Amino acid sequence: MPVSTKKRFKAVVIGTSAGGLKALRLLIGALDRSFQLPILIVQHLSPQSDSYLPQYLGQFTHLICKEADPHETIMPGHAYTAPPNYHMYVENNGTILLSVDEKVNFARPSIDVLFESAAWVYQDQLIGILLTGANNDGASGMCRIKSAGGLTIAQSPAQAEVPVMPESAINLGCASMVLKIEEIAEYLNKLEQV
């Protein structure tokens with residue numbers, strides 16, 4: 001039997017802002033039960049927001065959706081969301097770090113913070129996905145993932161509720177693929193996983 005030459009991925013990071021709740025629901029909800037890669041999500045939220053996002057997403061997926069805890073080990077079959085008003089980093093030892101450092105791109109949590117730290121840890125075994133949103137947070141992080149050898153996917157701006165965020169990454173040349181939500185899910189479902 002021939003040895004597979006497909007790249008084995010270890011994690012997925014997703015960033016989104018305006019219009020993101022619907023986009024996340026459609027994407028996460030379309031993943032097969034066999035999909036077990038950990039997913040780390042930054043959705044721009046009001047600092048005063050309650051922690052409803054994991055409960056909301058958990059209605060649509062088999063993945064265990066939870067708000068990230070400090071120093072938590074990243075586990076397969078889980079989707080972690082950044083708490084309101086906290087940056088979420090991936091640490092070298094495969095755990096999550098939360099911080100209240102200064103805002104990046106006017107946001108905390110910042111997509112760039114997550115994407116750049118995850119790229120440093122996972123290198124070419126990371127998938128970065130940038131969805132609908134109204135600013136350029138995430139574009140620099142997508143470039144960092146791509147330069148580390150990871151795979152970068154931008155939601156098709158034509159489908160995005162607010163196209164600015166995916167367009168920013170596309171315009172920088174940092175999106176390996178530009179896909180509709182259903183195509184992103186289909187691609188993820190076909191991946192060979194670690």
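Each residue takes its place number in the sequence, starting with 1. Here the structure is a predicted model, which means the values were calculated and not measured.
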Handout entry: Heavy-atom pair of closest approach, residues P109 and P83
Key = CD-O, 4.0 Å
Problem - Shortest non-hydrogen contact from D32 toward N189 - result: N-OD1, 2.8 Å
Exercise for the section: I would like to know whether E161 and Q155 meet side chain to side chain donor-acceptor pair (under 3.5 Å); could you show each step before the answer? Expected result: CA-CA 10 Å; E161 188 173 320; Q155 181 182 6; over 6 Å; no
Practice task
Scan side-chain atoms only and decide if E116 and S140 contain a donor-acceptor pair under the 3.5 Å cut-off.
Solution key: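 Checked: E116/S140 side chains pair up, N/O donor to acceptor below 3.5 Å.
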Handout entry: Residue pair D112 / N105, side-chain donor-acceptor N/O under 3.5 Å
Key = yes
Exercise for the section: Identify, with sequence neighbours excluded, every residue that meets salt bridge (charged side-chain N to carboxylate O under 4.0 Å, His left out) alongside K66. Expected result: D69, E72
Cluster question for you: counting only ILVMFWY and a side-chain heavy-atom cut-off of under 4.5 Å, with indirect links fine, are [X] and [Y] together?
X    : Y    : result
L40  : M75  : yes
V113 : L130 : no
I14  : M165 : no
V178 : I153 : no
I170 : I111 : no

Problem - Contacts of C174 that satisfy disulfide (SG to SG under 2.5 Å) - sequence neighbours left out - result: C143
Handout entry: side-chain contact (heavy atoms from CB on, under 4.5 Å) evaluation trace for R144 with F115
Key = CA-CA 8 Å; R144 187 70 60 89; F115 281 17; over 6 Å; no
Tell me if a side-chain donor or acceptor on [X] pairs with a main-chain N or O of [Y] at a distance below 3.5 Å.
X    : Y    : value
Q36  : R33  : yes
N93  : T95  : yes
Q43  : S17  : yes
E183 : K180 : yes
R108 : D101 : yes

Practice task
Would you please name every residue forming a ring-ring contact (aromatic ring centres under 6.0 Å, His included) with F60, sequence neighbours left out?
Solution key: Y56
Practice task
Assess whether side-chain contact (heavy atoms from CB on, under 4.5 Å) is satisfied between L45 and Y52, documenting all intermediate values.
Solution key: CA-CA 10 Å; L45 298 166; Y52 65 87; 3.4 Å; yes
Practice task
Run the numbers on F9 and L151 for side-chain contact (heavy atoms from CB on, under 4.5 Å), then give the verdict.
Solution key: CA-CA 9 Å; F9 292 99; L151 176 69; 4.0 Å; yes
Practice task
Check whether any side-chain heavy atom of R25 sits under 4.5 Å from a side-chain heavy atom of T61, and report yes or no.
Solution key: no
Practice task
For the residue pair H87 and Y89, categorise the inter-ring angle as parallel (less than 30°), tilted (30 to 60°) or perpendicular (more than 60°).
Solution key: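 It falls in the perpendicular class, over 60°.
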Practice task
Please indicate whether Q59 has more than 12 foreign heavy atoms, meaning atoms of other residues, nucleotides or ligands, lying under 6.0 Å from its CD.
Solution key: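 Atom CD in Q59 is packed in, count exceeds 12.
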Practice task
Could you please spell out the steps behind the side-chain contact (heavy atoms from CB on, under 4.5 Å) verdict for L57 and L21?
Solution key: CA-CA 8 Å; L57 294 176; L21 291 182; over 6 Å; no
Exercise for the section: Test T16 against T132 for side chain to side chain donor-acceptor pair (under 3.5 Å), laying out the working first. Expected result: CA-CA 6 Å; T16 188; T132 175; 5.4 Å; no
